Amino acid sequence: MPELPEVEVVRLGLAPAVSGATVVAVEVRDHRALKRHVPGTGDDGLGGHGVTLAPEAGAARAADFERRLTGLRLGTPVRRGKFLWIPVGPPAAGARVVGAGEMALLAHLGMSGQLLLRELDAAGDRHVRIRLWIEHPEHGELRIDFADQRLFGSLALDRLAAAPDGIGEVPVQALHIARDPLDPAFDDAAFVAALRRRGSGVKSLLLDQSLVSGVGNIYADEALWRARLHPETAGSVVGARKAAELLRLLRDVFAQALAEGGTSFDEQYVNVNGQAGYFAHQLHSYGRTGLPCDRCGTLIVRERFMNRSSHYCPKCQRLAKAQSAAAK
DNA sequence: CCGCCTTCCTGACAGC
DNA sequence: TGCTGTCAGGAAGGCG
């Protein structure tokens, strides 16, 4: 499932093909993949995200998306956490580089979303929900297929607004998403302080996209294994040094996964060419239930917290005594 | 503000 | 063989 490294691989693959291209046509085959798209200006906050639409409202939403996106010029893709967006603007009069547009084509891959770059005559992939035809001044015509089996992902046209910290612009729907650990403007000290203020388990804190973005279930488990932290360890009992170490290890695992093209654990994740990544071979905890810990040989266990599986080594990742007593 | 629960959705798979 | 139930999980709304 796509987390930060996987979305970054997609962004890198998309960039050369879409930057400077023009949208020739748009086809929405399933309006449920437009959950976040708000018809109209895209910034009025109306429309109710995630609300199941009446069929006629879905059709209207699809028509609005198709009409407004067609003819626009695409800029260079940007990523924050697991959100990816392409600034869009009116067709340039000259060879002006687009990037300072007011609007953006916003994508979230959810669990099974894929953005695939295909030749015009390529066969359709399974579960293609939205299709864009683009024309690039150098690369000619291409098709971008948004495929998504489980429909937790979506595309939307959204307005760009100044980021809360004043650095750059972010789509309105991603304004509450924190910077991610690979962002040069990420505030390490603020993250450490926020983590230590909270009473929740470190695992749910890592998954909280308003504290740090880009972390999903796989990389949360991997970072905690590396930091030797039990997933239910309260943020408030983690020392400042340990919290900083966790952040450093999270950066390490993200960087290593990115270098391997991401994690294709259940074959839901592929890059823009439909290829899998290779980081699954290097996972130490996620998906290794019943296999020996790579550090101490103890069998990895899997437990369910918060409707989610947590994989960890019961010997290397122990709860502090006081907390494990309190948990009983 | 905080933490926990539910909802959205499909397909793979286990069990009867 | 064919049904039913369970599971996978990101994000956001709602509730106490």
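Just the heavy atoms: all of them, side chains too, but no hydrogens, waters or symmetry mates, feed the values below. If you're wondering where the values come from, they're calculated on a predicted model, not measured in any experiment.
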S.K.: Measure from the side-chain heavy atoms of A:Arg126 and tell me the nearest of B:dA12, B:dC9, C:dG9.
M.R.: B:dA12
S.K.: Any idea which of B:dT10, C:dG10, C:dA12 is nearest the A:Glu3 side chain?
M.R.: C:dG10
S.K.: Using the side-chain heavy atoms of A:Met111, tell me which of these nucleotides is nearest: C:dG9, C:dA11, B:dT10.
M.R.: C:dG9
S.K.: Quick check, does A:Phe152 stack with C:dG9? I mean ring centres under 5.5 Å and planes off by under 30°.
M.R.: yes
S.K.: Does A:Arg198 have a side-chain nitrogen or oxygen under 4.0 Å from the phosphate oxygens OP1 or OP2 of B:dC1?
M.R.: no
S.K.: To the nearest 0.5 angstrom, please state how far the NE2 atom of A:His136 sits from the OG atom of A:Ser19.
M.R.: 6.5 Å
S.K.: For the CZ atom of A:Arg79 and the CD1 atom of A:Ile86, what is their distance to the nearest 0.5 Å?
M.R.: 14.0 Å
S.K.: Does A:His127 place a side-chain N or O at less than 4.0 Å from the phosphate oxygens OP1/OP2 of B:dC9?
M.R.: no
S.K.: Taking CG from A:Leu211 and P from C:dA11, how many angstroms apart are they, rounded to a whole number?
M.R.: 13 Å
S.K.: Can a side chain N or O of A:Lys35 be found less than 4.0 Å away from OP1 or OP2 on B:dC8?
M.R.: no
S.K.: Is the shortest side-chain N/O distance from A:Gln209 to OP1 or OP2 of C:dA11 below 4.0 Å?
M.R.: yes
S.K.: Can you measure from CZ (A:Phe65) to CG (A:Leu132) and round to the nearest 0.5 angstrom?
M.R.: 6.0 Å
S.K.: Mind checking what makes side-chain contact (heavy atoms from CB on, under 4.5 Å) contact with A:Gln209, not counting sequence neighbours?
M.R.: A:Lys82, A:Ile177, A:Ser213
S.K.: Starting at atom CG of A:Asp208, determine the distance to atom P of B:dC1, rounded to an integer number of angstrom.
M.R.: 13 Å
S.K.: Closest nucleotide of DNA chain C for A:Arg302 versus for A:His176: which of these residues is on the 5' side?
M.R.: A:Arg302
S.K.: May I have the distance from A:Leu207 (atom CG) to B:dG3 (atom P), rounded to whole angstrom?
M.R.: 14 Å
S.K.: Counting distance alone, no hydrogens or angles: does the base of C:dG10 have a donor or acceptor under 3.5 Å from a partner atom on the side chain of A:Arg308?
M.R.: yes
S.K.: From CG of A:Leu205 over to C1' of B:dG3, roughly how many Å is that when rounded to an integer?
M.R.: 10 Å
S.K.: Any side-chain N or O of A:Arg32 under 4.0 Å from OP1/OP2 of B:dT10?
M.R.: yes
S.K.: From CD of A:Gln173 over to P of C:dA12, roughly how many Å is that when rounded to an integer?
M.R.: 8 Å
S.K.: Could you state the atom-to-atom distance from CG of A:Leu4 to C1' of C:dG9 in whole Å?
M.R.: 17 Å
S.K.: Regarding A:Ser112, tell me which of base, sugar-phosphate or nothing describes its non-hydrogen contacts under 4.0 Å with the strands shown.
M.R.: nothing
S.K.: Look at the side chain of A:Tyr286 and decide which nucleotide, out of C:dG9, B:dT10, C:dG10, has an atom nearest to it.
M.R.: C:dG9
S.K.: Side chains of A:Thr263 and A:Tyr219: donor-acceptor distance under 3.5 Å anywhere?
M.R.: yes
S.K.: Output the rounded distance in Å from CG (A:Asp221) to C1' (C:dG9).
M.R.: 12 Å
S.K.: What nucleic acid atoms does A:Gly199 come within less than 4.0 Å of, heavy atoms only: base, sugar-phosphate, or nothing?
M.R.: sugar-phosphate
S.K.: Contact class for A:Tyr219 (heavy atom, under 4.0 Å): base, sugar-phosphate, or nothing?
M.R.: nothing
S.K.: Side chain of A:Arg36, heavy atoms from C-beta onward: which of B:dT10, C:dG10, C:dA12 has the nearest atom to it?
M.R.: C:dA12
S.K.: With a cut-off of 3.5 Å and sequence neighbours excluded, list every side-chain donor-acceptor pair involving residues 311-320 of chain A.
M.R.:
residue  : atom : partner  : partner atom : Å
A:His311 : ND1  : A:Asp221 : OD2          : 2.9
A:His311 : NE2  : A:Gly287 : N            : 3.4
A:Tyr312 : OH   : A:His230 : NE2          : 3.4
A:Tyr312 : OH   : A:Glu303 : OE1          : 3.4
A:Tyr312 : OH   : A:Glu303 : OE2          : 2.8
A:Gln317 : OE1  : A:Cys313 : N            : 2.8
A:Gln317 : NE2  : A:Leu224 : O            : 3.3
A:Gln317 : NE2  : A:Leu229 : O            : 2.9

